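So the structure is just underneath, and the comments pick up after that.
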Amino acid sequence: MVFGVQSVVLLVVGIAGLVVQGGTFLGLRLHLPHSILLLVTAVVVGAAVFASNRALRRVLLVQTVVYLLVAAFGLAVPTPLGLNVLDSLMHGILFLLGFIGAYVLAAGILEPGEPGSDPAAT
């Protein structure tokens, strides 16, 4: 459920970014590449929510890596991408959500009987 909500929120922010093009929305600086990244994340995670736990776990691992890199780059070199502290905070939160979600799914904590939730099965 958390990742369905994440997808909806990212979808709204991504669409708002397409509308404001280079402006801000809720304090986030949004431009075309940023909005596209958020929309792609929303669609891929949203689709994975309806697939198996294994698929969702893999998508969350990719989210973890991508948003760790984006957050680190945004904090180290904020000017070229036009990101601000709130953008980096959001990217850090998306990193943490991906990491914690992948860990919980791999450990089978929430749904131990669900196929694909057993880390030994991968």
Side-chain angles (χ1 to χ4, degrees):
M1 175 159 168
V2 170
F3 301 105
V5 172
Q6 171 189 312
S7 292
V8 170
V9 169
L10 291 179
L11 192 64
V12 168
V13 173
I15 291 171
L18 294 176
V19 172
V20 298
Q21 274 304 306
T24 60
F25 177 73
L26 299 176
L28 302 168
R29 289 191 190 145
L30 299 170
H31 45 77
L32 187 60
H34 193 197
S35 297
I36 290 172
L37 176 63
L38 296 175
L39 289 170
V40 167
T41 303
V43 170
V44 172
V45 172
V49 164
F50 295 104
S52 66
N53 279 353
R54 175 182 269 174
L56 180 58
R57 185 174 69 234
R58 288 181 179 164
V59 167
L60 292 176
L61 287 172
V62 171
Q63 174 180 317
T64 299
V65 172
V66 168
Y67 282 101
L68 175 62
L69 294 173
V70 171
F73 187 75
L75 287 172
V77 190
T79 311
L81 295 178
L83 302 176
N84 61 22
V85 175
L86 284 177
D87 291 313
S88 295
L89 178 65
M90 179 184 66
H91 298 146
I93 290 169
L94 290 170
F95 156 73
L96 287 174
L97 278 173
F99 180 79
I100 292 167
Y103 179 81
V104 166
L105 288 171
I109 294 170
L110 294 180
E111 300 176 40
E114 184 73 22
S117 65
D118 181 15
T122 57

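Heavy-atom basis, side chains included; hydrogens, waters and symmetry copies ignored. In this text, all values refer to a predicted model and were calculated from it rather than measured experimentally.
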| Straight-line distance of L61 CG to F99 CZ, nearest 0.5 Å | 9.5 Å
| message | Do L26 and L86 sit in one hydrophobic cluster, given that two such residues count as connected whenever their side-chain heavy atoms are within less than 4.5 Å of each other, even indirectly? | response | yes
| said: How close do G46 and S7 get, counting heavy atoms only, and between which atoms? | reply: N-OG, 3.0 Å
| said: Do L69 and M90 land in one hydrophobic cluster if side-chain heavy atoms of ILVMFWY residues count as linked below 4.5 Å? | reply: no
| Beyond-backbone contact of L37 with V66, side-chain heavy atoms, under 4.5 angstrom | yes
| query | For the atom pair OG1 (T41) and CD1 (I36), what is the distance rounded to the nearest 0.5 Å? | reply | 11.5 Å
| CG on L10 to CD on Q63, rounded to 0.5 Å | 7.5 Å
| task | Search all heavy atoms of S35 against all heavy atoms of G14 and return the closest pair with its distance. | result | CB-O, 3.5 Å
| query | Should F50 and V43 be counted in the same cluster of Ile, Leu, Val, Met, Phe, Trp and Tyr side chains packed under 4.5 Å apart? | reply | no
| query | Hey, what do you get for CG (L11) to CD (Q6), rounding to the nearest 0.5 Å? | reply | 11.5 Å
| Between CG of L94 and CG of L68, what distance do you get to the nearest 0.5 Å? | 12.0 Å
| request: Mind checking the OG1-OH spacing from T64 to Y103? Nearest 0.5 Å is all I need. | output: 14.0 Å
| query | Would L96 end up clustered with V65 when hydrophobic side chains under 4.5 Å apart are linked, directly or stepwise? | reply | no
| said: What verdict does the side-chain contact (heavy atoms from CB on, under 4.5 Å) test give for L38 and L30, after you've listed the backbone C-alpha separation in whole Å, the side-chain angles of each residue and the deciding distance to 0.1 Å? | reply: CA-CA 10 Å; L38 296 175; L30 299 170; 4.0 Å; yes
| query | What is the minimum heavy-atom distance between F95 and Y67, and which atoms define it? | reply | N-CB, 3.8 Å
| request: Would you check if the side chain of N53 reaches a backbone N or O of L105 as a donor-acceptor pair within less than 3.5 Å? | output: no
| said: Taking I93 as the starting point, is it possible to reach V8 by hopping between hydrophobic residues whose side chains are less than 4.5 Å apart? | reply: no
| Closest heavy-atom contact between A71 and H91? | CB-CB, 3.8 Å
| request: Evaluate the side-chain contact (heavy atoms from CB on, under 4.5 Å) criterion for residues L32 and L18: first the C-alpha distance (whole Å), next the side-chain angles of each, then the deciding distance (0.1 Å), finally the verdict. | output: CA-CA 6 Å; L32 187 60; L18 294 176; 3.6 Å; yes
